[in-house]
Protein chains: 2
Amino acid sequence: MNIGVAAARSGLPAKTIRYYEEIGLVRPPRDVNGYRAFGERDVAMLVFLGRARSMGFSIEDCRRLLSLWADQERASADVKALAREHLAEIDAKIAGLRTMRDTLDHLIGQCAGDDRPDCPILESFSAGRPSG
Amino acid sequence: MNIGVAAARSGLPAKTIRYYEEIGLVRPPRDVNGYRAFGERDVAMLVFLGRARSMGFSIEDCRRLLSLWADQERASADVKALAREHLAEIDAKIAGLRTMRDTLDHLIGQCAGDDRPDCPILESFSAGRPSG
DNA sequence: GTTGACCTTCCAGCGACTGGAGCCCTTATC
DNA sequence: GATAAGGGCTCCAGTCGCTGGAAGGTCAAC
């Protein structure tokens, strides 16, 4: 099947699929005309990649997950370890964003939001007074 | 003052400061030897930028905030509106990450994490069975 | 034979830096 | 005066994961 069909069936843009081929995540064979010829297995890999990416795994993590997936001798412990590391990263990111969020929310609460120039938000970003 | 001192005082890497000049966020004058000559006002701007960036504002938002900061005729409502928009973006990002986090956490909880190959995490990424 | 949808490659750009090469300037020491 | 260390300078390339667009080849339908 051509890339358009593979794209529709996997939910990934054709551009993204070409990119995944470029970085060696998928290796569809080629027809005589040079078109990529995707098989069911390729589509399954693309679906897998789409889902792993949607869980925030990096491309390199996806590469590892894909090889674990293909490896019938794998230990689920290896997958779990990878997932746990990623979970920790997500948690860290959420924590950082929450700190941001709370600080910003607090500042917004302090700002009158009228036509006067006084603004606690700007003041909190200042190390003194602007001169211009 | 030279870029090294401005970097130390603002907490920003020298490289970042050069980048901010390149994109027109700061415009320090030059000494005869070609070195950037930062004044107190420049340092104040850099501190401002560092704090605004640490709140997750984009460079373009920072540009707007900086011009509001410099504008004595500003209305705090404009700042507040910008901050509110940004807060909404942060909230959306947190919500997305939380969904990811919960899904992943759930999958991790289902995975035995032993030396056997069966893995609900990989299965959830699959649209069937891997063939290799 | 011509239209139009599809496919191909290649190059450039996004955001916000960061690293490194290769060079110049200044200061201190011998 | 030579030299070395520790700044500074510019410019180019790379990060991450795509995305857009140009220029051209292929294929099915009319």
Side-chain angles (χ1 to χ4, degrees), chain A residues 1-39 42-43 45-46 48-66 86 89-90 92-93 96-97 100, chain B residues 1-39 42-43 45-46 48-66 85-86 89-90 93 96-97 100:
Chain A
M1 95 193 69
N2 284 349
I3 199 167
V5 180
R9 285 195 41 197
S10 65
L12 297 175
K15 277 266 180 189
T16 298
I17 298 175
R18 288 195 194 99
Y19 171 69
Y20 286 174
E21 187 199 37
E22 192 189 321
I23 62 173
L25 280 183
V26 287
R27 303 183 190 281
R30 299 292 180 123
D31 277 339
V32 270
N33 58 12
Y35 287 18
R36 291 169 183 83
F38 296 84
D42 294 310
V43 171
M45 287 174 74
L46 292 172
F48 183 97
L49 286 169
R51 293 190 188 162
R53 289 285 302 129
S54 81
M55 294 302 299
F57 284 99
S58 71
I59 291 286
E60 286 317 304
D61 279 349
C62 286
R63 203 188 293 278
R64 283 173 214 124
L65 287 169
L66 213 46
H86 182 50
E89 282 167 25
I90 294 175
K93 212 174 275 184
L97 284 172
M100 255 186 210
Chain B
M1 95 192 70
N2 284 349
I3 199 168
V5 180
R9 284 193 45 196
S10 65
L12 297 175
K15 276 265 181 190
T16 300
I17 298 175
R18 288 196 195 97
Y19 171 69
Y20 285 175
E21 187 199 35
E22 192 189 323
I23 62 173
L25 280 183
V26 287
R27 302 182 191 280
R30 300 290 180 126
D31 276 340
V32 269
N33 59 12
Y35 287 16
R36 289 168 185 84
F38 295 84
D42 295 309
V43 172
M45 287 174 75
L46 292 172
F48 183 98
L49 287 169
R51 294 190 187 161
R53 288 287 301 128
S54 80
M55 293 304 298
F57 284 100
S58 72
I59 290 285
E60 285 316 304
D61 279 349
C62 285
R63 204 186 292 279
R64 283 172 216 125
L65 286 169
L66 213 46
E85 273 178 46
H86 181 49
E89 283 167 23
I90 294 175
K93 212 174 274 182
L97 284 171
M100 258 187 209

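So you know, we letter chains A, B, ... as the sequences are listed, proteins then strands, and number each from 1.
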Note, A:R36 side chain near A:R18 side chain (heavy atom, < 4.5 Å): yes
Integer-rounded Å distance: C:dC6 P and A:M1 CE: 16 Å
Check: A:M55 main-chain N/O paired with A:H86 side-chain donor or acceptor under 3.5 Å: yes
Separation of atom CD1 in A:I17 from atom C1' in C:dC6, rounded to whole Å: 14 Å
Touch class at under 4.0 angstrom, heavy-atom based, for A:Y20 against every strand present: sugar-phosphate
Minimum heavy-atom distance between A:F48 and A:L66, given as atom pair plus value: CD2-CD1, 3.4 Å
Length of the line joining A:E22:CD and D:dC18:C1', which is rounded to integer Å: 10 Å
Donor/acceptor link under 3.5 angstrom from B:K15 side chain onto base of C:dG20: yes
Five-pair end axes of the helix from C:dG1-D:dC30 to C:dC30-D:dG1 and the angle they enclose, rounded to 10°: 40°
Under 4.0 angstrom between A:R18 side-chain N/O and C:dC7 OP1 or OP2: no
Atom-to-atom span, CD of B:E89 to C1' of C:dG15 - whole angstrom: 13 Å
Atom CZ of A:R30: over 12 foreign heavy atoms under 6.0 Å: yes
Proximity to the side chain of A:Y19 - top-ranked nucleotide from D:dT19, C:dC7, C:dA16: D:dT19
Heavy-atom side-chain proximity of A:S10 to A:D42 below 4.5 angstrom: no
Nucleotide of C:dT26, D:dC27, C:dT8 approaching B:N33 most closely (side-chain heavy atoms): C:dT26
Distance test, side-chain N/O of A:R36 to OP1/OP2 of C:dT9, below 4.0 Å: yes
Atom pair distance, as rounded to whole Å: CD1 in A:I23 and P in D:dT19: 13 Å
Considering all heavy atoms, the nearest B:M45-B:L25 contact: CE-O, 3.4 Å
Closest non-hydrogen atom pair, B:P13 against B:A7: C-CB, 4.3 Å
N/O (side chain, A:Y35) to phosphate O (OP1/OP2, D:dC27) under 4.0 Å: no
Any B:T16 side-chain N or O less than 4.0 Å from OP1/OP2 of C:dT18: yes
Length of the line joining B:R30:CZ and D:dG8:P, which is rounded to integer Å: 12 Å
Sugar-phosphate only, base, or nothing, as touched by A:I3 at under 4.0 Å among non-hydrogen atoms: sugar-phosphate
